[in-house]
Amino acid sequence: MEREKTKEIYNAQEREGYWQKFWEREGINEFDPESSRQLFTIDTPPPTISGALHLGHVFSYTQAEVIARYRRLAGFNVRYPMGFDNNGLPTERLVEKEKKIKGRALPLAEFVRVCLEVTDLYKEQYKNLWKSLGLSIDWRLEYSSISREAQRLAQTVFKELFEKGAIYQKEAIALYCPTCSTSVAQAEVEDNEETSVFYDIAFTGVDGDELIISTTRPELLPACEAVFVHPDDERYAMMVGKTVTTPLQRTVPILVDDKVSMEKGTGAVMCCTYGDETDVYWVRKHNLPERIILTLNGKFIHLEEIPEISSKSIREARNIIVALLRERGAIKKEQQICHAVGVHERCDTPIEFLPTKQWFVKILEKKDDLIRAGERIQWYPSYMRKRYEEWVSGLKWDWCISRERFFGVPIPVFVCDSCEYVYIPDETVFPIDPKLEAEISACPKCGKGGLIPEKSVLDTWFTSSLTPDINNTSPMNGKLAGKLYPMSMRPQGHDIIRTWVVYSIVMGLYRHQDIPWHELMISGHILLQKGEKISKKTGGGAVKPEELIRTHSADAIRYAMYGASLGRDAFYEEQEVKKGKKLIVKLYNAGKLILSNLQDFETDSIRSESELEAIDRWIIARSRATATEMARAFEHYEYSRARLAFEDFFWRDFCDNYLEIVKGRLWSDESLSNAQRASAHYALYHAYLNALTMISPFIPHITEEMYHAEFSDGGVIVSRTDSGFFATREGQKSIHCISWPVVKADILTENEARGVELMLATIAEIRKYKSIQHMTMGARLSSVILKGKTEQRNLLHPFWNDLTFVIRAEVLSFQDENSIDVPDTLTIRI
RNA sequence: GCGCGCGUAGCUCAGUUGGUUAGAGCAUACGGUUUACAUCCGUAGGGUCAGAGGUUCGAAUCCUCUCGCGCGCACCA
């Protein structure tokens with residue numbers, strides 16, 4: 001008789017949306033400012049709106065998410081907000097690319113309007129992804145870094161720091177990106193390996209002799225102000241103090257400095273204004289004149305001696321000059337080299353050193369304080385602190401916060417054109433844009449000059465570094481307003497330690513004389529395969545998060561993200577997703593088995609857990625011990641370890657062993673006492689509910705589904721928001737509102753624990769026997785004799801009936817280890 | 001060059017303060033499964049814990065050195 005079983009299937013994609021709507025409707029993730037429970041506040045990274053979402057976003061955000069959910073179950077009042085960093089250079093670049101426009105070419109108001117339009121669109125995309133992943137964010141706490149509130153805060157802080165003397169304006173050599181036409185901070189410069197040509201160029205000495213210098217920047221020849229050699233270099237000793245003439249007929253001194261490397265090139269180097277940081281140093285140290293030949297958009301100015309390069313780009317000018325030098329026979333050698341070049345992280349353009357007037361936040365004098373503050377924060381993983389310290393101690397520039405861009409928070413400053421007085425309006429008028437102020441009055445100080453509005457906007461990190469303050473001052477904080485600083489925890493990637501962590505601590509020190517958070521959770525990157533990083537630049541390749549969720553479900557993707565330990569780079573493994581799917585199915589099926597057998601279960605059927613069968617107490621104790629282990633792991637942000645502990649418990653102990661064992665009592669007829677059956681029911685109820693609870697931070701949808709599941713008359717599982725086998729008995733509307741399981745008391749004696757171990761070992765022996773004999777695990781054995789010590793028999797005693805059932809023995813008996821084997825009987829030594 | 005991290009089964013990784021015979025999943029081989037399981041269960045094979053030296057009764061774990069990989073910083077004429 002063949003009967004096609006109608007298999008019941010958990011339709012993850014459909015059910016996940018159902019529960020997401022339920023959570024939102026019921027406010028399951030909402031932060032309650034009136035609650036007296038202990039706070040756990042999260043300083044969520046506001047993602048930069050700079051393009052499409054990729055798997056890297058999913059990876060890092062799910063990591064913080066699992067902690068938020070755990071803390072909620074552990075009884076904390078969790079504040080888990082989301083923000084959006086939707087201004088600044090990255091956003092402008094996105095908008096320019098998408099709309100094929102140039103910010104510089106548009107009226108400011110028009111460009112800002114387009115920026116807002118585009119970022120709002122992306123914001124929705126981001127939000128939809130977070131929601132479809134089931135992130136337990138309280139969306140009422142959403143903020144945006146370009147909002148009026150954030151702008152007001154940023155400008156207020158600017159004024160505050162300026163008045164404290166922590167912000168200053170200075171005309172100085174700054175790191176400058178000619179493509180973006182803006183200054184940048186040290187933290188935004190990264191190294192790129194680039195091929196380049198190392199030219200040996202002949203200069204002419206006073207006596208007509210040659211002096212050959214080596215350079216990769218021949219186009220800067222017109223700005224050459226000196227030639228340097230090492231003081232110990234005997235090759236050039238004769239020429240030191242004299243002058244040389246460049247092939248462009250510029251006569252400059254030959255000086256010594258021990259920063260020159262004798263080995264590199266010819267050992268003679270030209271100093272130009274400015275080719276690199278050393279040039280800046282030399283010009284200052286040796287008091288050299290400055291000849292700036294580059295404009296702020298990276299084009300050359302008109303030069304008498306070489307008019308050909310006028311208004312040419314760096315690359316074009318280099319070609320022109322090289323051709324010219326070749327013609328004149330001044331190039332003695334050309335060598336292809338590969339060297340690191342400091343480039344702007346947003347556009348890969350080599351950074352130039354140009355004199356501009358910029359605003360800075362003093363951080364160099366704060367190095368020691370910053371390092372001390374870093375020591376007061378718990379870093380997870382702890383070695384990440386080193387990176388912070390390395391970066392802070394290696395800082396060479398104050399934090400340049402002005403950007404000559406458009407879509408950002410305006411610097412709220414007017415400067416008097418006569419006495420240079422810096423006028424910052426009263427903060428009650430913030431946010432303001434000085435450029436757009438119609439009325440500009442006379443200077444309040446000298447009364448003579450006019451006030452010139454500042455045109456720059458703030459580095460977007462200036463606002464981002466204030467996220468702890470943004471959270472702290474949110475209108476949603478109720479009676480906790482202003483009491484959320486420092487926050488409990490900041491989750492973020494290791495790549496932005498040098499920016500976001502550093503600047504946030506800077507702000508914390510200046511504004512609060514305190515650290516911004518107690519703990520830092522630093523995550524790694526997800527890689528598609530060895531060496532292939534998913535980042536803003538690569539865009540994440542073919543793996544699109546939305547599509548992954550659609551094909552595999554959010555729970556499965558989430559699960560896969562928790563495989564690697566915190567801080568480590570991990571590979572995206574399809575296999576991990578498969579593993580997640582299997583766990584989901586397993587939870588579903590185990591639930592089906594349990595619900596179908598527990599229909600008449602009442603929570604008060606057992607007066608005290610001590611009444612339970614030993615094996616039932618064991619599985620309950622195991623579930624609680626696992627919860628304790630997981631809790632410890634979560635508290636140290638070791639979610640992968642928590643996941644592992646769960647799998648060990650659920651897959652091995654609960655499904656493979658306990659469920660198989662307990663089936664005996666579930667299926668048995670009247671020969672069994674009600675108490676024994678009730679004991680099994682009680683254990684199944686609690687151990688399974690504990691399992692659901694413990695894994696719910698990882699896979700919140702399937703666990704909610706099972707919490708609300710009911711075994712219907714038709715023999716199928718139905719799950720609805722307003723009902724559910726567990727939901728009605730627990731009296732909580734969501735599994736995400738119940739309490740983390742805790743160890744209540746020692747409910748298992750030591751001997752019982754040893755008995756369980758012995759029992760499991762015995763089961764394994766029998767399974768091994770059946771496997772070798774090619775028997776099915778359910779094959780009946782007419783008689784089995786366990787042979788061992790009397791003590792072992794006593795240990796096994798409480799489990800005898802269950803053991804007999806699970807190995808499918810008709811008769812299970814015991815013999816002393818020294819007795820003679822009974823022929824034709826299966827004898828297992830224990 | 002400096003700093004950090006890593007190197008454990010064919011693959012991806014666990015391995016808590018040094019302590020029985022180093023674990024898991026996947027893959028492989030064999031077998032079994034339909035009274036939860038788009039399966040699932042069982043069994044087996046598979047490791048010089050990168051290498052060398054040291055500390056110790058005892059080292060994958062601690063120390064030193066070497067090699068390889070990754071990352072950060074510096075160099076970047």
Side-chain angles (χ1 to χ4, degrees), chain A residues 3 5 7-10 190-194 196 198-199 201 213-218 220 224 227-228 259-261 264-272 275-279 282 337-342 350 381 383-391 393-394 396 494-495 497-498 524-525 527 530-531 533 563-565 567-571 573-576 578-579 581-582 585-597 629 632-633 636 638 640-641 643-645 647-648 651-652 655-656 659-660 663 666-667 717 763-764 766-779:
Chain A
R3 187 168 63 93
K5 209 169 122 188
K7 297 230 172 180
E8 219 185 314
I9 283 170
Y10 168 63
E190 63 182 28
D191 281 357
N192 256 13
E193 280 293 314
E194 288 188 3
S196 171
F198 205 27
Y199 297 95
I201 299 173
I213 62 104
S214 306
T215 184
T216 53
R217 304 284 309 266
L220 292 178
C224 177
V227 168
F228 279 94
K259 273 210 168 198
V260 178
S261 154
K264 201 169 269 182
T266 58
V269 52
M270 68 170 181
C271 169
C272 307
D276 64 15
E277 222 165 278
T278 321
D279 291 340
W282 280 332
I337 58 160
C338 193
H339 68 156
V341 179
Y383 59 76
M384 288 294 181
R385 192 210 321 262
K386 267 274 184 208
R387 272 198 206 194
Y388 168 80
E389 288 173 355
E390 287 266 309
W391 178 261
S393 44
K396 288 183 187 160
H494 61 62
D495 52 335
I497 289 176
R498 63 189 204 176
H525 285 130
L527 314 170
K530 268 212 170 19
K533 204 195 276 186
S565 45
R568 292 187 58 160
D569 291 348
F571 300 112
E573 299 260 3
E574 187 98 14
Q575 221 168 67
E576 282 288 313
K578 253 169 96 180
K579 218 170 139 186
K581 280 181 163 173
K582 278 165 80 167
V585 171
K586 192 79 174 172
L587 278 164
Y588 183 81
N589 285 312
K592 203 159 91 181
L593 170 72
I594 291 162
L595 293 186
S596 64
N597 281 286
E629 193 183 340
R632 207 173 38 227
H636 293 93
E638 293 169 331
S640 61
R641 177 180 272 192
R643 198 188 85 170
L644 212 66
E647 284 165 354
D648 260 8
W651 216 275
R652 295 274 82 81
C655 291
D656 295 349
L659 288 183
E660 290 309 317
K663 274 176 185 172
L666 292 181
W667 293 347
I717 294 280
I763 294 170
I766 301 280
R767 283 173 175 166
K768 190 170 174 176
Y769 169 80
K770 287 185 178 176
S771 188
I772 290 167
Q773 299 297 318
H774 294 185
M775 292 163 88
T776 105
M777 288 303 130

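Convention: sequence-line order gives letters A, B, ...; per-chain numbering from 1.
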Phosphate OP1/OP2 of [N]: any [X] side-chain N/O under 4.0 Å:
X	N	answer
A:W651	B:rC41	yes
A:H339	B:rA77	yes
A:S640	B:rC13	no
A:R568	B:rC4	no
A:K770	B:rC30	no
A:T216	B:rA77	yes

Determine, answering yes or no, if A:Y383 is stacked on B:rC4 under the 5.5 Å centre rule and the 30° plane rule.
no
When you get a sec, tell me which of B:rG31, B:rU35, B:rU12 is the closest nucleotide to the side chain of A:F571?
B:rU12
Could you write nucleotides 16-27 of chain B as a row of B, S and -, 5' to 3', where a protein heavy atom under 4.0 Å of any base atom gives B, of only sugar-phosphate atoms gives S, and otherwise -?
B--------BS-
What is the distance, to the nearest angstrom, from the CZ atom on A:R385 to the P atom on B:rG5?
13 Å
Rounding to the closest angstrom, what is the interatomic distance between B:rC57 and B:rC65 at atom P?
24 Å
Which whole number of Å gives the distance between the C1' atom of B:rG15 and that of B:rG19?
14 Å
If the plane angle is over 60° it's perpendicular, under 30° parallel, otherwise tilted; pick one for A:H494 and A:H525.
perpendicular
